[in-house]
Structure formats: structure tokens, C-alpha cells
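Below is one structure, written out as C-alpha cells, with a few remarks after it.
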2 protein chains.
Amino acid sequence: MDKNIPYKIYLEEKELPTAWLNMRAVMKNKPAPLLNPGTHKEMTFDELRGVFCDELVKQELNNTDEFITIPQEILDFYKMYRPSPLVRAYFLEKKLGTPAKIYYKFEGNNTSGSHKLNSAIAQAYYAKKQGLKGVTTETGAGQWGTALSMACSYFGLDCKVYMVKCSYEQKPFRREVMRTYGASVTPSPSDTTDVGRQILSEHPGTTGSLGCAISEAVETAVKSEGYRYVLGSVLSQVLLHQSVIGLEAKAAMDKYGISPDIVVGCAGGGSNLGGLIAPFMTDKIRGIKDYQIIAVEPASCPSLTRGKYAYDFCDTGRVCPLAKMYTLGADFIPSANHAGGLRYHGMSSVLSQLFDDGLMEARSAVQTDVFKAAVTFARVEGILPAPESSHAIKVAIDEAMKCKETGEAKTILIGLTGTGYFDLKAYEAYNNGTMTDYIPTDADLQKGFDALPKM
Amino acid sequence: MDKNIPYKIYLEEKELPTAWLNMRAVMKNKPAPLLNPGTHKEMTFDELRGVFCDELVKQELNNTDEFITIPQEILDFYKMYRPSPLVRAYFLEKKLGTPAKIYYKFEGNNTSGSHKLNSAIAQAYYAKKQGLKGVTTETGAGQWGTALSMACSYFGLDCKVYMVKCSYEQKPFRREVMRTYGASVTPSPSDTTDVGRQILSEHPGTTGSLGCAISEAVETAVKSEGYRYVLGSVLSQVLLHQSVIGLEAKAAMDKYGISPDIVVGCAGGGSNLGGLIAPFMTDKIRGIKDYQIIAVEPASCPSLTRGKYAYDFCDTGRVCPLAKMYTLGADFIPSANHAGGLRYHGMSSVLSQLFDDGLMEARSAVQTDVFKAAVTFARVEGILPAPESSHAIKVAIDEAMKCKETGEAKTILIGLTGTGYFDLKAYEAYNNGTMTDYIPTDADLQKGFDALPKM
């Protein structure tokens with residue numbers, strides 16, 4: 001054990017970041033704008049404010065301000081569970097016998113079980129400030145819905161969650177946490193919306209998808225007086241709020257004179273990775289340090305590693321704006337054996353642009369390898385990681401083992417997004433040896449690409 | 001918000017206690033000794049070492065040393081998840097509108113989800129040091145089994161867990177966490193032991209009890225070469241290890257010039273409460289401050305509030321030593337509607353003696369009141385508390401509301417033992433309004449008293 005570096009580094013509350021960091025302000029090539037799906041023209045503030053809260057639309061469209069002050073009410077809530085710990089993975093290093101120095105920024109010490117709360121509380125705050133009655137959203141694995149229900153409960157807002165049907169059925173406990181915080185939870189597709197009824201009639205046996213749940217949540221928001229839609233990932237505003245992860249991680253490292261060589265995070269829609277890398281990426285763009293930044297995605301949902309960089313629909317119902325992103329097509333649904341989140345068909349426009357510019361790399365992993373890494377980590381570090389987070393652990397272990405071969409003592413920073421307490425069905429399958437992998441064929445993916453909108 | 005007191009107080013790693021505190025050394029009336037169930041003579045070191053590790057037997061019998069050094073290997077493990085936060089419940093205070101100052105010592109930020117890990121790692125360490133192959137134990141709600149499986153995995157020990165059958169069936173996820181850490185989990189009563197087979201033949205439909213699972217685990221340990229039995233509560237050694245909770249809490253409070261007027265914790269076998277109160281009780285015995293110390297137990301399993309202070313069997317199979325404790329009788333099983341832990345028929349000999357000496361008080365609560373307090377707490381403090389911990393929350397809220405009436409600004413310290421992520425079935429019943437209460441009648445309890453051993 002390095003005498004100077006404690007196992008856990010906690011910043012003090014007064015060291016909490018007071019502003020979010022907006023990577024877009026520093027990016028040379030800005031992310032492509034959202035387009036109106038009918039006219040293919042750039043979405044305006046006025047068009048977007050029917051769907052999102054005004055202040056969040058401003059943040060969504062803001063490509064110029066590098067720092068955006070965090071309101072005091074949000075800072076107060078952050079103090080409930082932040083600063084989150086930066087942990088030196090001494091036990092994992094020892095287990096691997098690697099000279100690498102591994103750190104993880106752990107976002108799982110709150111009841112939502114993940115980093116999602118960082119943006120949920122911000123979005124709920126702006127909805128409350130605007131005098132709204134409530135918000136609608138979708139949730140897949142359930143972390144986002146849980147986080148939003150906690151945030152809405154705190155501000156006394158109504159919260160309507162459309163939960164992907166297969167998760168609703170497989171994860172009744174997540175549903176119950178949301179209900180405990182006062183949210184209503186509807187399995188999607190449902191008969192409560194036009195788009196849900198249409199999807200049900202076309203695909204009667206469907207177990208749902210994020211894209212479909214988004215369509216239902218947006219329709220409900222637009223049709224309900226005093227409601228807006230909120231989203232837990234993909235959007236630039238969400239990455240902005242999540243920058244608190246990276247800012248804290250960098251502040252904690254700076255305090256001890258540590259600088260990562262590799263920053264690795266899982267990537268589904270991009271909320272965690274976009275937040276984790278924010279201060280490192282801006283330094284990298286400015287030429288301060290050439291960090292190696294790695295996105296890890298499931299081999300079963302490989303938007304960055306095998307997707308197309310193109311304008312696409314954000315939702316199955318095609319009611320949302322078009323976004324330019326690495327995408328597998330709006331109808332893509334990961335195979336049924338895929339466990340956990342990271343199942344969205346596209347990637348944040350911000351991250352897509354950074355990837356396209358060669359500023360970060362991407363890797364994919366099959367889930368049996370991911371769970372193997374998860375169990376290795378759990379047994380030595382004492383935290384049962386979420387399947388999502390374990391994608392980053394898998395690649396961090398790969399990199400640490402490379403260091404073992406070369407003798408390099410690289411410093412690796414992992415974004416450990418959350419805990420796997422609600423993913424024990426998947427762990428059970430892994431423990432029983434019944435977990436399987438699926439990698440889509442090129443032909444599978446081509447169907448999604450063929451359905452991309454003609455621009 | 002009090003400017004000088006942060007929301008969360010974290011001690012630094014170097015401030016971790018380096019010795020456990022043994023209340024027995026300070027108690028004027030020592031807890032009654034364990035007796036041989038056959039001869040009714042005091043159990044000797046040699047008799048006990050067939051069941052427990054040598055070092056743990058020494059700790060069990062040690063009524064004289066006030067401080068016992070924590071071995072470095074255990075301190076290293078503690079650093080994975082300790083010091084645990086002491087949290088000022090600002091949001092709860094505001095919600096209640098009370099002048100009381102409420103703090104909680106939160107032990108749930110580890111994968112076992114509770115304080116149980118504090119003793120599990122100590123017991124696994126001494127087993128490893130003695131060169132044993134493995135340990136056996138029982139678990140009810142599953143926290144202890146999870147904690148022990150984590151500790152055994154860390155030291156490379158085999159871990160055989162007998163899990164109360166109704167929990168095994170109702171809580172498959174806890175079971176899966178234990179398996180992820182490499183433990184074998186057997187529903188109890190089982191056909192793997194003589195006592196299990198006997199209980200199954202006498203009570204074919206039984207869903208099991210802690211007392212029965214203890215008997216099976218002890219039998220397996222005694223009959224297996226290189227194995228010993230370990231226990232997660234009740235024993236004096238366990239309270240000793242758990243003193244790290246109270247020592248940290250007091251150190252964090254001392255650092256900010258805070259002193260509690262009321263210390264409140266839930267009590268099942270007594271491990272949490274005995275650890276939480278340790279430094280406060282020793283000060284109280286020495287006349288330094290007259291803390292109000294409150295044990296809270298379920299109305300459905302009221303050993304302190306309605307039990308008899310007598311020698312009793314620790315287990316259903318009557319193979320363990322006799323302990324003098326407040327007890328409901330070794331065959332007592334809480335009614336089937338009882339959710340969560342705190343279901344042991346007796347109370348730690350140490351706490352029983354302190355209670356009998358008038359040094360602490362005890363209250364009971366019905367579970368619908370407990371869950372009401374849990375949901376109130378979850379919604380404002382952002383932590384979904386374990387049903388067990390929520391007993392303490394319930395009484396803390398009662399006391400804070402008394403302060404609201406009287407205008408007193410008492411300082412209340414709650415032992416928040418863990419999280420409720422694996423108790424969502426119970427939360428679901430509460431959310432749906434189908435949770436019921438049960439208070440045993442005097443006649444129910446009399447049956448248990450009639451079966452107490454004749455001394």
C-alpha cells in the first residue's frame with residue numbers, strides 16, 4: 001500500500017464542484033445540432049420547450065459556456081451523497097499482480113444505485129422552478145427511473161415512468177423502489193398512449209425497448225398540462241450534469257498529485273462516460289495531456305464500434321428530434337439474453353463527435369467476459385458492481401494485465417457507475433454457467449442501417 | 001443548515017479505531033457466563049474451542065481487557081468500507097419541523113448492506129490464522145451470510161451457510177450474492193444434518209428458524225475436520241467487534257464538539273446496538289454522562305420488552321451452550337408476516353445485563369409503523385433503510401416529535417445498520433397496504449417460557 005494514498009479519497013463538502021463543465025465549449029468540432037424530424041431543420045428553443053423545461057433546453061443548446069453554475073438547491077441535494085469516493089483498488093492490483101495503479105470513482109453509494117441521480121436532481125429542480133406539475137420519463141434497467149423518482153419526491157413533483165416491459169417484469173424490486181418514492185410506473189409498450197397502442201398492435205408479443213418507452217413518455221408529456229419529458233442519458237444537458245463525476249475525480253487526484261494515463265468508462269447512451277471524462281477531455285483538446293480515453297460497450301449493442309455515424313431517430317415512435325450519432329438504427333433491440341443496461345441504439349452526439357475526431361477510442365466486450373471481471377472485482381474490492389460498470393472493469397483489467405507484461409506502472413481511472421444489487425438474476429445465470437453471449441451479425445446490423453432516415 | 005456541521009462527517013482512514021472496546025471490562029455486573037447444557041457448569045476454553053476458533057473463544061471469555069487491538073489485516077479490510085459516514089439528518093429534521101438534531105451512523109455502504117461485515121471479517125481472520133479450512137454459519141434475512149461470504153472470499157476460506165428456508169425462498173438475490181462470493185448456501189432445515197432431519201420429521205412443513213439453522217451449522221462445524229462455527233450476533237465477541245461503529249461515531253462527534261442525548265438502535269440479537277452504544281455506555285457507567293440509550297425491537301419478537309431474564313438454549317436443537325438472556329424461549333418463531341431480521345428469540349447476554357441493571361431502556365414497534373418511518377426517511381434522506389434499521393428510525397422520529405412539543409433541541413444518534421435493497425417484497429406489501437401487524441398474546445409467550453430449561 002502506497003503510504004501517501006489512502007484507500008478511499010473523499011473530498012470535503014466544501015470541495016464539491018460549484019459549476020458543471022460543458023465540454024462542447026472547448027470542442028473544435030461541435031456536436032451536430034438536433035433536427036426537426038419533419039423539416040430536417042435545426043430545432044429551435046421554441047420547438048424544444050414544448051417537450052423539455054426551458055432551462056434545460058438552454059443547456060441543451062449551449063455550445064459556448066464552459067462552466068455553468070450549479071444552483072444551491074442542487075448542491076444541497078448533492079451533499080446527501082456527494083462527493084462520492086475515489087477508491088484506490090489496492091486489492092485488485094494485488095490480485096492481478098500488476099504494477100498499474102488502479103482507481104475507481106464510485107457512484108453507487110446512493111439508493112438509485114448509480115450516477116443517474118446527478119442529472120435527475122438537476123432536471124427535477126428546473127422542472128420545479130418552472131412551476132411544472134410533474135415529469136415523464138422512460139427507464140430500462142431501472143436506475144434512471146429510480147433516480148428520477150427520488151429527485152421528484154424531494155421536490156414534490158409527480159413522476160410518471162414508462163419502464164421497458166421486460167425490465168418491469170424481471171426487476172419488480174426496482175419498480176418497488178420507484179413506488180416507494182411515490183412514482184407511478186407503467187410497463188411499456190402500454191395502452192396509455194397512441195404510440196404504445198400502435199406498437200402493441202404491430203408487435204403483440206414485444207417485451208419493449210428504450211426507444212419505444214421514450215416515445216410513450218414524450219407523448220404523455222406533450223399531451224399532459226404542466227408536464228415535461230426528461231431523459232437520463234444521450235442528451236448534451238445530461239452529460240453536462242454528469243460532469244460532476246469527472247470534476248470530483250480530477251480534484252481528488254490533483255489533491256494527491258495523481259494523474260491518470262487511461263480513463264475508462266462504460267458507454268450506453270453516454271451519460272456516465274461523458275461526465276467522467278469531461279475535465280480530462282478538455283485538457284486533452286487543449287493539449288495539456290494526451291489521456292487515453294476508452295469507451296466500453298456491450299458486443300451485443302455496439303453503437304460506437306460497429307454503428308454508423310448518421311442522423312437518426314432517438315425513439316422508436318419517431319416523435320423526437322433527429323440526432324447525429326453513432327447508431328444501430330432506431331429499431332435496434334439487443335438480443336434477449338443481454339443483461340443490464342447499455343442497450344440504447346445510439347450514442348450521445350457529443351461523444352459521437354469526439355470519437356469521430358479520434359479523441360477517444362471504443363471497445364466492446366461480451367457479457368460472460370464482463371461478468372467474469374465483475375466477480376473478480378467483487379471478491380477483492382468488496383463491491384458488487386453493476387453489469388454496466390463491469391464493462392469498464394473488464395477493459396481496465398485488460399490494460400492492467402498489459403502493464404504486467406510490459407512492466408509499465410500506468411495509472412488507470414475507472415468510472416464505477418453503480419452497484420449490481422438489482423441484477424442478481426444475471427449474476428445467478430453467470431454463477432450457474434447458463435449465461436450466453438450474442439454478437440449481432442453484419443446482416444443483423446444492416447437492417448438497422450437500411451432504416452436510417454434519408455437526409 | 002448548521003454551518004459548522006457538514007451533512008456527512010467522514011473520519012480519515014488514519015482516524016479509524018485501532019482497538020475494539022470491550023464494555024464487559026467496565027460493567028459492574030458482568031454478563032452471566034455460558035453454561036454447559038448438560039452439566040450446567042460454566043463453559044471452559046477447552047469446551048468452547050471445539051466449536052469456535054481459539055482466539056474468538058478468548059475474546060468471548062474476556063471480561064477484563066477494556067481494549068483489544070484490531071489486527072492490521074482486519075484494519076486493512078476495514079479500510080475498504082470504513083470509516084462509515086456519520087450523517088446529519090438535516091432533511092429529516094426539516095421535514096419533521098423539530099428542533100432536535102438528528103444524526104445517523106450509516107453502515108449500509110458495503111455489499112453486505114449492513115454492519116455485519118465488521119464482525120465477519122474479524123471472525124474469518126481468526127479462522128484463517130488458526131489454519132482452518134472453513135467456517136459454517138446460519139443466516140436469517142441474509143445480511144450475516146452475505147457479510148461472511150465476503151470475508152471468507154477475501155481470506156480464501158470455505159464458507160457453508162445454512163439459510164432459514166423462508167428467507168432462502170423469499171430472498172433468492174441474497175443467496176446469489178453469497179454464491180457470487182463463493183459460499184455454499186443450504187436452506188434450513190435440511191437433510192444434511194441429524195438435527196435438520198429430526199426437525200423435518202417432526203415439523204414437515206416448517207419454514208425454518210434461526211435457532212434451527214444455528215443447530216445445523218454447529219453440527220456441521222463440529223463434524224467437519226478443519227471447520228469451526230461462527231455467529232453474527234448475540235455473542236459477546238460479536239458485540240466487541242461491532243464496537244467499531246460506536247467508536248467511530250463518538251470520534252466523529254467529538255471532532256465537531258457534538259454529544260448525543262439519546263442513542264437509539266434496533267435490537268435483534270444485539271450486535272448492532274451493542275457496538276453502537278459501547279463508548280457511550282462505558283462513559284455512562286463511569287458517570288461521565290447519563291446518555292439515554294434505547295433498544296428498539298419488533299413487537300412481534302419482543303425479547304427485551306416482554307421476555308424473561310433466564311438461562312436458555314441458544315438454538316432449537318439444544319446443542320449450543322446455555323446463555324442467560326432476555327428470551328422468549330428457544331422454540332419461539334416470529335409470526336409469518338414478520339418482515340426482515342430481528343427475529344432471534346433471545347438477546348445478547350451483555351445487553352440483557354445492561355438492561356436488567358437499568359442502564360438502557362427498550363421499546364417495541366409494530367412493523368406498519370416501522371415501514372411508515374422508513375418511507376418518511378427514504379423520501380427525505382435518500383437512503384432506503386433496512387426494515388431492521390427502521391425500528392431505530394421510528395423511535396428517533398417519536399423522540400424528535402416530543403422535542404417539537406417541548407421545544408427541546410436534543411441531539412439524537414441513530415444506528416442506521418443497513419439498506420433495504422433486498423427487502424423490497426416487504427416494501428411492496430407496505431406500498432400496497434397489505435402489510436399486517438402481529439403482536440403475540442401473553443398465552444403465546446407463556447408456551448416459550450414454560451419450555452425454558454430447569455436450572
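Residue numbers begin at 1 in each chain, while the letters A, B, ... track the order of the sequences.
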Honestly, the part of A/Thr419 sitting under 4.5 Å from a heavy atom of chain B is neither
Note: vs chain B, highest number of non-hydrogen pairs under 4.5 angstrom among A/Ala378, A/Gly420, A/Ser153 is A/Ala378
So, the part of A/Asn110 with a heavy atom under 4.5 Å from chain B: the answer is backbone
Whatever's closer than 4.5 Å to a heavy atom in chain B on A/Tyr430 counts as neither
query = Are any side-chain N or O atoms of A/Lys8 and backbone N or O atoms of B/Arg82, one a donor and one an acceptor, separated by less than 3.5 Å?
reply = yes
Cut-off 4.5 Å, heavy atoms of chain B, and the answer for A/Lys14 is neither
Q.
Tell me if the centroids of the rings in B/Phe77 and A/Phe91 come within less than 6.0 Å of each other.
A. no
Check this for me: B/Lys101, atom NZ, are more than 12 non-hydrogen atoms of other residues, nucleotides or ligands nearer than 6.0 Å?
no
side-chain contact (heavy atoms from CB on, under 4.5 Å) between A/Tyr421 and B/Thr111, intermediate numbers included: CA-CA 8 Å; A/Tyr421 303 143; B/Thr111 288; 3.6 Å; yes
| message | Run the side-chain contact (heavy atoms from CB on, under 4.5 Å) test on A/Val87 and B/Met80 for me, step by step, so that the C-alpha distance in whole Å, both residues' side-chain angles and the decisive distance to 0.1 Å come before the verdict. | response | CA-CA 9 Å; A/Val87 187; B/Met80 261 196 202; over 6 Å; no
**Study point:** Pair A/Lys425-B/Phe173, side-chain contact (heavy atoms from CB on, under 4.5 Å): steps then yes or no
**Key:** CA-CA 7 Å; A/Lys425 282 253 177 214; B/Phe173 290 176; 3.9 Å; yes
Ranking A/Val380, A/Asn432, A/Leu117 by heavy-atom pairs under 4.5 Å to chain B gives rank one to A/Asn432
When rounded to the nearest 0.5 Å, the distance separating CG of B/Leu424 from NZ of A/Lys171 is 12.5 Å
Does A/Arg175 pair with B/Glu428 as a salt bridge, N-O distance under 4.0 Å?
yes
Closest non-hydrogen contact found for B/Glu176 with A/Tyr427 is CG-C, 4.3 Å
Bottom line for B/Phe106: the part with an atom under 4.5 Å from chain A's heavy atoms is neither
More than 12 heavy atoms of other groups within 6.0 Å of A/Lys94 NZ: no
So, the part of A/Glu381 with a heavy atom under 4.5 Å from chain B: the answer is backbone
Main-chain N/O of A/Thr180 paired with B/Arg379 side-chain donor or acceptor, under 3.5 Å: yes
Under 4.5 Å to a heavy atom of chain B? For A/Tyr181 that would be both
Original post:
Do the ring planes of A/Tyr10 and B/Tyr10 sit parallel (below 30°), tilted (30 to 60°) or perpendicular (above 60°)?
Top reply: parallel
